[in-house]
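Because the structure is a prediction, the values reported are computed rather than measured. Sequence lines set the chain letters: A, B, ... in the order given, protein chains first and strands last, and positions in each chain run from 1.
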Number of protein chains: 2
Amino acid sequence: MKKTERLETAIRQKQIKQAVLEIIAQEGLHNLSTRNLAKKVGLTEGAIFRHFPTKRDIIKGIMEDVENELVAGLKEIANGSLSPEEKLFNFLCYHVQYLKANRGITILLFSEATHLGDKELIGRLRRIFSDQKGLIAKIIKEGISENIWEKNINPSDVATLYMGIPITFNIEYILNKKGINMKNFCRRMYELVINVLKN
Amino acid sequence: MKKTERLETAIRQKQIKQAVLEIIAQEGLHNLSTRNLAKKVGLTEGAIFRHFPTKRDIIKGIMEDVENELVAGLKEIANGSLSPEEKLFNFLCYHVQYLKANRGITILLFSEATHLGDKELIGRLRRIFSDQKGLIAKIIKEGISENIWEKNINPSDVATLYMGIPITFNIEYILNKKGINMKNFCRRMYELVINVLKN
DNA sequence: TAATTATGTAATCACTTACTTACAAAGTTA
DNA sequence: TAACTTTGTAAGTAAGTGATTACATAATTA
């Protein structure tokens, strides 16, 4: 009966978080129960709760991944030594690519954080959001101080405008997979943002 | 014991949909149960189900309101006789204002539609989304054909960029009420979009 | 090898969910 | 006034939720 391999917690945690994203992408948020999650991983519910104290902690773990993978990657680009234009382009492409590889993550974060009504999760989400905006604003300020872009432009406003791009991309991608024109998406959006900055 | 006034279904339906939006704005999505909804309206659960066959139908009703109020209003602006610039400005301001008055509606729609995993609701959402994009693209095409805006710009891409504005606004507004700089928000975003179009 | 620890199962918990049923009474109509 | 329709209540339902328990066994350590 007992054929299930025994793996250590760190590995199971990765599998569980992976399964969460797969369920959302393939079956929808409404199927994200611990029961279905256990089935997907190939374990029982008890085993799931052996590796995570609560379901909430699984979502929290995914948020931490986003901070460690996405946000850290974006930070590296923003703090690099390339030109502001190159930074902006790489930033946007990296951003979109990450969301493409982890489709549904935007909806998971916003939906679950608000669904669970959890102050800490919402705070984390807020931080991820404002970190990204801050990095974009920083790149833009850099470009302005290097006289590449217009002085009379508000970096924070452009950052707000920017933030809509990956969010919209992700929402459209999960909502309407065929409708969105993926080809060169990040280059096309980059050109538009550059238009704003060059005035 | 029976002090509850008896009101006709049409009125109760309005009250119930109103209560849904209030609960989301004040208590969060996680408190949107039929139990809590009934309490908010001042009725029993049984009464709620007298006026709506299912909870899903309440969400569907709110979606219909969005189509009849928001989308119809935007359509009127787009099809009006003002200049493309004026249309674009009014469009954006009307859009933002509606979401401000009905805050949380973006999260409700995306979250519940995906949470319920309901094909019809997701289809409706998709339609609301693409209708708005289509109207924006139309205004932009108009401006281009009137030689107000650059020819070598893709109206559909700008529409995608545009769509991020109200979505981001709504998400930020519910996530971080104090953080968002509301003052002249739509005018500031309008200026940025105009920069894109004038190249 | 013996004791201990880590990882699994099966059954079940208390609770919440959307929804239903049987009944009461207000409002309308014949 | 009598019959009927509409709108309400109170008390349920079955199904699903996240989480726990008692127990088994594989892997590691003393």
Side-chain angles (χ1 to χ4, degrees), chain A residues 1-20 23-24 27-62 108 111-118 120-121, chain B residues 1-20 23-24 27-63 108 111-121:
Chain A
M1 265 300 114
K2 308 271 174 67
K3 297 180 183 179
T4 313
E5 205 183 348
R6 293 168 78 113
L7 297 171
E8 60 184 51
T9 286
I11 293 173
R12 288 297 190 205
Q13 285 179 336
K14 280 204 172 188
Q15 292 179 339
I16 291 165
K17 289 184 289 184
Q18 176 65 27
V20 166
I23 287 173
I24 292 164
E27 307 169 40
L29 251 175
H30 61 295
N31 280 312
L32 190 61
S33 62
T34 51
R35 203 141 301 178
N36 190 41
L37 183 54
K39 189 179 142 206
K40 185 96 181 178
V41 180
L43 293 173
T44 60
E45 279 189 272
I48 298 291
F49 285 100
R50 180 125 271 155
H51 301 298
F52 283 105
T54 66
K55 187 188 176 186
R56 175 187 167 282
D57 283 281
I58 304 176
I59 309 296
K60 200 170 125 187
I62 293 176
L108 166 73
S111 180
E112 281 309 276
T114 52
H115 226 94
L116 299 172
D118 189 300
E120 192 200 337
L121 292 192
Chain B
M1 268 297 119
K2 307 272 175 68
K3 296 180 183 177
T4 312
E5 203 183 351
R6 294 168 77 113
L7 297 171
E8 59 185 52
T9 286
I11 293 172
R12 288 296 188 205
Q13 285 179 334
K14 280 204 171 186
Q15 292 179 339
I16 291 165
K17 288 184 290 185
Q18 177 64 27
V20 166
I23 287 173
I24 292 164
E27 308 169 40
L29 251 176
H30 61 295
N31 280 312
L32 190 62
S33 63
T34 51
R35 191 109 70 215
N36 190 40
L37 183 54
K39 190 180 143 207
K40 186 95 180 178
V41 180
L43 293 172
T44 59
E45 280 188 271
I48 298 290
F49 285 99
R50 178 126 273 153
H51 302 297
F52 282 105
T54 66
K55 186 186 175 187
R56 176 187 166 283
D57 283 281
I58 304 176
I59 310 296
K60 199 171 127 186
I62 293 176
M63 280 193 169
L108 165 72
S111 180
E112 282 308 276
T114 52
H115 223 95
L116 299 173
D118 190 301
K119 295 273 181 198
E120 191 199 337
L121 292 193

Item to check | Sugar-phosphate only, base, or nothing, as touched by Arg12(B) at under 4.0 Å among non-hydrogen atoms | outcome: sugar-phosphate

Item to check | Distance (rounded to the nearest 0.5 Å) between Thr54(A) OG1 and Asp118(A) CG | outcome: 8.5 Å

Next on the checklist: Run the ring-ring contact (aromatic ring centres under 6.0 Å, His included) test against His51(A) and tell me which residues pass, sequence neighbours left out.
Outcome noted: none

Next on the checklist: Do Glu112(B) and His115(A) make a side-chain contact, defined as non-hydrogen atoms from C-beta onward lying under 4.5 Å apart?
Outcome noted: yes

Sub-3.5 Å pairs of nitrogen or oxygen atoms, protein against nucleotides 1-6 of chain D:
unit_1 : atom_1 : unit_2  : atom_2 : d
dT6(D) : O2     : Arg6(B) : NH2    : 2.5

Checklist entry - Do Glu8(A) and Ile11(A) touch side chain to side chain, with heavy atoms closer than 4.5 Å? => result yes

Checklist entry - Between dA18(C), dG8(D), dT7(C), which nucleotide gets closest to the side-chain atoms of Thr4(B)? => result dG8(D)

Item to check | Contact check, side chains of Ile23(B) and Val20(B), non-hydrogen atoms, under 4.5 Å | outcome: no

Next on the checklist: Could you check whether any side-chain heavy atom of Arg50(A) comes within less than 4.5 Å of a side-chain heavy atom of Leu43(A), counting everything from C-beta outward?
Outcome noted: no

Checklist outcome for this item: Per the under-4.0 Å heavy-atom filter, residues of residues 29-41 of chain A near DNA chain D come out as Leu32(A), Ser33(A), Thr34(A), Arg35(A)

Next on the checklist: What's the closest nucleotide to the side chain of Phe49(A) if the choices are dA10(C), dA19(D), dC19(C)?
Outcome noted: dA19(D)

Next on the checklist: Just verifying a value: how many Å separate Asp57(B) CG and Gln13(B) CD, rounded to the nearest 0.5 Å?
Outcome noted: 9.5 Å

